[in-house]
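Each ligand, and each atom within it, is numbered from 1 in the order the structure gives.
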Amino acid sequence: MKFPVTKNPNPGTMPEASKLGFGSVFSDHMFLMDYNAKDGWHDARIVPYGPLSLSPAASVLHYAGEVFEGLKAYRRKDGKVQLFRHDANVERLNISAERIGLPQVPVDVAMAAIEQLVELDQAWVPSAPGTSLYIRPFLFATDPALALHGVHEAMFVIILSPSGSYYAEGLNPVKIMLETEDVRAVRGGTGYTKCGGNYAASNRAGDRAMQKGYSQVLWLDGVERKYVEEVGAMNVMFKIDGKVITPMLTGSILSGITRRSCIQMLKSWGMEVEERLISIDELVEAAENGKLEEAWGTGTAAVISPIGELCYKDVKYTINGFEIGPTAQKLYDELTGLQWGDKPDPFGWTKVIGE
Ligand code: PLP
Ligand code: COI
């Protein structure tokens with residue numbers, strides 16, 4: 001499957017690696033596809049990266065009918081470019097779309113679109129250590145009408161952003177604050193999806209945490225405010241008394257692709273992993289008793305991000321002396337080794353572009 005391409009007459013140049021940051025530089029092209037109830041998905045095309053034209057009444061602007069994904073392409077040492085588990089991202093995009101009432105995209109079209117766009121713009125895949133091409137597919141409702149109704153018109157877009165590390169800290173530990181007032185999601189809601197609305201609901205708490213010097217918040221469950229859920233842009237894992245414990249997928253947290261990859265890797269090394277409810281009281285007790293050995297977040301943008309400090313109700317708990325611990329370090333080394341093609345991929349998670 002190949003999509004028609006309109007070449008960008010004014011290609012850009014990639015900034016040097018140290019200036020990339022996360023998600024603020026974009027490649028020369030983007031993928032677009034339209035949907036309407038009569039014709040279904042149609043007019044798939046690759047065009048120069050640039051502004052989109054939307055009716056001011058487009059329902060996404062009023063009622064937040066939007067879902068997105070985040071994945072990466074990596075530059076290998078042999079110069080080739082590879083994707084990591086893009087099938088899983090497309091599958092999750094459709095799980096999110098189904099929840100929000102958006103039309104699902106044909107899986108083969110979305111996979112081929114990612115592959116062709118990355119191949120076309122492969123000069124934008126950076127090669128400096130720790131850099132990659134962040135891929136952002138997104139899908140939103142464009143019906144130009146203010147009445148509440150199902151989605152009859154939509155658009156699917158993919159943009160590419162050469163990026164460095166998500167946190168300014170890089171692989172150094174981050175400080176995370178437990179959020180005790182706002183909640184992000186409840187069971188039966190949209191917490192398990194990557195819909196824009198979840199992130200809007202998170203903004204206020206995130207801003208408050210940043211003002212206090214924390215990178216992001218760790219959410220508690222929306223009903224009892226007792227169980228630890230996830231961080232703004234990553235799932236969380238704790239090493240307590242030799243075991244890795246991560247919040248179970250209750251419906252209000254995202255089923256992270258990095259999370260599931262880490263669980264599989266940890267188990268393949270013979271480590272015990274528990275997916276279960278973990279209360280903030282259990283976590284505090286483990287921290288006080290010296291049993292909380294390590295904590296880290298997992299995510300496409302965040303990769304493996306050690307958590308060096310947790311703040312709960314104004315009490316600060318330092319974890320592993322604010323150092324990256326051995327389990328987080330090993331996960332980082334093995335996962336990034338596989339993603340950048342420096343280590344073998346026994347799981348079959350990578351796909352080399354053009355092969
Ligand atoms: N949780 C949230 C809320 C996220 O935004 C992300 C990032 O995508 C994750 C978890 C991690 O998911 P993944 O590993 O699939 O990137
Ligand atoms: C990702 O890791 O892909 C994300 O979506 C994080 C994003 C919210 C910044």
> So, are R92 and E69 salt-bridged, with charged N and O less than 4.0 Å apart?
Replying inline: yes

> Salt bridge between R184 and E229, side-chain N to carboxylate O under 4.0 Å?
Replying inline: no

> Can R45 and T6 be said to form a side chain to side chain donor-acceptor pair (under 3.5 Å), step by step?
Replying inline: CA-CA 8 Å; R45 62 213 185 266; T6 307; over 6 Å; no

>> Once side-chain hydrogen bond (donor to acceptor under 3.5 Å, both in side chains) is applied, do any residues pair with K77, and if so which ones, sequence neighbours excluded?
In response: D342

Which protein N or O atoms sit under 3.5 Å from any N or O of ligand 2? Give each pair with its distance.
{"from": "ligand 2", "atom 1": "2 (O)", "to": "A301", "atom 2": "N", "distance (Å)": "2.8"}
{"from": "ligand 2", "atom 1": "3 (O)", "to": "Y134", "atom 2": "OH", "distance (Å)": "2.6"}
{"from": "ligand 2", "atom 1": "5 (O)", "to": "Y134", "atom 2": "OH", "distance (Å)": "3.3"}
{"from": "ligand 2", "atom 1": "5 (O)", "to": "K194", "atom 2": "NZ", "distance (Å)": "2.6"}

> Does E288 have any side chain to side chain contact (heavy atoms under 4.5 Å, CB included) partners at least two apart in sequence or in another chain, and if so, which?
Replying inline: V284, Y317

Give every pair made of an N or O atom of ligand 1 and a protein N or O atom lying under 3.5 Å apart, one pair per line with both atom names and the distance to 0.1 Å, or write 'none'.
{"from": "ligand 1", "atom 1": "1 (N)", "to": "E230", "atom 2": "OE1", "distance (Å)": "2.6"}
{"from": "ligand 1", "atom 1": "5 (O)", "to": "K194", "atom 2": "NZ", "distance (Å)": "3.3"}
{"from": "ligand 1", "atom 1": "5 (O)", "to": "Y199", "atom 2": "OH", "distance (Å)": "2.6"}
{"from": "ligand 1", "atom 1": "8 (O)", "to": "K194", "atom 2": "NZ", "distance (Å)": "2.5"}
{"from": "ligand 1", "atom 1": "14 (O)", "to": "I257", "atom 2": "N", "distance (Å)": "3.2"}
{"from": "ligand 1", "atom 1": "14 (O)", "to": "T258", "atom 2": "N", "distance (Å)": "2.8"}
{"from": "ligand 1", "atom 1": "14 (O)", "to": "T258", "atom 2": "OG1", "distance (Å)": "2.5"}
{"from": "ligand 1", "atom 1": "15 (O)", "to": "R92", "atom 2": "NH1", "distance (Å)": "2.8"}
{"from": "ligand 1", "atom 1": "15 (O)", "to": "R92", "atom 2": "NH2", "distance (Å)": "3.0"}
{"from": "ligand 1", "atom 1": "15 (O)", "to": "I257", "atom 2": "N", "distance (Å)": "2.7"}
{"from": "ligand 1", "atom 1": "16 (O)", "to": "T300", "atom 2": "N", "distance (Å)": "2.8"}
{"from": "ligand 1", "atom 1": "16 (O)", "to": "T300", "atom 2": "OG1", "distance (Å)": "2.6"}

> Can a salt bridge be assigned to the pair E274 and K243 using a cut-off of 4.0 Å between side-chain N and carboxylate O?
Replying inline: yes

>> Less than 4.0 angstrom from a charged side-chain N to a carboxylate O is my criterion; do R204 and E181 meet it?
In response: no

> Do the charged groups of E355 and K80 touch, with an N to O distance under 4.0 Å?
Replying inline: yes

>> Tell me whether R259 is salt-bridged to E275, with the criterion being a basic N under 4.0 Å from an acidic carboxylate O.
In response: yes

